[in-house]
Amino acid sequence: MSGPKSSSSMTRPDMIPQNQTTTLPWDSWTGLLLWGQEELAALGPRESQTNAEYLLEEASGQKRWQLALRPEERPRAALVETYRRWIANRRERIPSAYVTGKAFFRDECLEVGPACLVPRPETELLVEAVIRQAGFAQDAEFSFLDLGTGSGAVAISLLRHFKKARAVMADVSSDALAVAGRNAERYALTGRVELRLSDFFEAFRGPVRPQWSLMVSNPPYLAQSDWDQVEPELLYEPRQALDGGLDGLSAYRQIAGEAANFLHPGGGLFFEVGQGQAPAVQTLLGENGFKNICILKDWSGIDRIVSSTRCL
Ligand code: GLN
């Protein structure tokens, strides 16, 4: 027998029987996931998969494995709508934390939005460095300043570790401060924080100058040359939180130049720094009355944290 074999399992579009309904991606969890992955293909194979999975988990409030256990379930229309909108936003290269309005930082889940930088995993090391090196017992009563607090991630994480500490969370953006305030509220920390609108130390230079036992900062540190190679996602983040001037060091110059005035003798100053900036920041600290300068590497082997103490 010659010629193509006719088989009932072979379905050409013109052969779809009338009673057979075509499945839409929105009819199943797997369909949604594969559709999302395809929409995000430009992110690359791995990112498109992890992003589609994450957005589906967030939209449904279920983990991937929980969804996999109910293949026959039909996703609710409202949920599908949210997921489709989120995928479209992510496709525009909006950071996924802005898409969902949430970011995870150490043990915290924080509100984030375009007014503040998305907390990065490297910044968790800033908190770890303080916990390990600043010399405070977990129940110590002390006050610290988080300069450029953004979403409040660093200060909130520290306050949750040091249960009796108090923090001044300062930022030049009132919109960022509003987010930080809501995050403090979310963790019932409002009684231990003060939010201050301040361009570096501007708000603190009055006749009664505050002095803290500790200062932490993840200031803007991108240099002008970095902007040519940034990922599209970064352009959605506040420029003010990223732009460190021509060489990326202008915020460190301003902070190191004045920090000793606002720290008790022996008080710690902990910075996150950009790639390759540690030696310059170390020099700046040395020139401005700081000693015990210590550098910590992040998981990629990049010098990421520079800590120091104010000379007595
Ligand atoms: N870590 C950010 C980035 O490289 C920069 C953060 C900052 O400027 N403080 O994308």
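We use all heavy atoms of the structure for the numbers below, so side chains are in, but hydrogens, waters and symmetry mates are not. Keep in mind it's a predicted model, so treat the numbers as computed, not measured. Ligands are counted one by one from 1 in listed order, and the atoms in each one are counted from 1 as well.
For S250 (side chain) and L246 (main-chain N/O), no donor-acceptor pair under 3.5 Å exists by modelled atom type. With hydrogens and angles disregarded, no donor-acceptor distance shorter than 3.5 Å links the side chain of S151 to the backbone of V112.
The protein heavy-atom contact nearest to atom 4 (O) of ligand 1 is L222 CD2, 3.9 Å. At the top of the distance list for atom 10 (O) of ligand 1, counting protein heavy atoms only, stands R120 NH2, 3.1 Å. Scanning all protein heavy atoms for the shortest distance to atom 8 (O) of ligand 1 gives Y221 N, 3.0 Å.
A salt bridge does not link E108 to R186: none of the charged nitrogens lies less than 4.0 Å from a carboxylate oxygen.
Checking Q254 against E258 by side-chain atom types alone, no donor-acceptor pair falls below 3.5 Å. For the residue pair S307 / Q133, a side-chain donor-acceptor distance below 3.5 Å is found, with atom types taken as modelled.
Close contacts of ligand 1 with P220, meaning ligand atoms under 4.0 Å from a residue heavy atom, involve 8 (O). For ligand 1 and L234, the ligand atoms under 4.0 Å from any heavy atom of the residue are 10 (O). The distance from ligand 1 to the heavy atoms of P219 drops below 4.0 Å at these ligand atoms: 7 (C), 8 (O), 9 (N). Counting atoms of ligand 1 from 1 in the listed order, those under 4.0 Å from a heavy atom of N218 are 7 (C), 9 (N).
At a heavy-atom distance under 4.0 Å, no atom of T123 approaches ligand 1.
Each of Q277, Q275, E272 was evaluated against Y221; a single residue qualifies, E272, per the side-chain hydrogen bond (donor to acceptor under 3.5 Å, both in side chains) test.
Contact analysis leaves G248 out of contact with ligand 1, as no non-hydrogen atom separation drops below 4.0 angstrom.
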Side chains of residues 29-39: which donor-acceptor partners sit under 3.5 Å, not counting sequence neighbours?
| residue | atom | partner | partner atom | Å |
| --- | --- | --- | --- | --- |
| W29 | NE1 | E73 | OE2 | 3.3 |
| E39 | OE1 | R91 | NH1 | 3.1 |

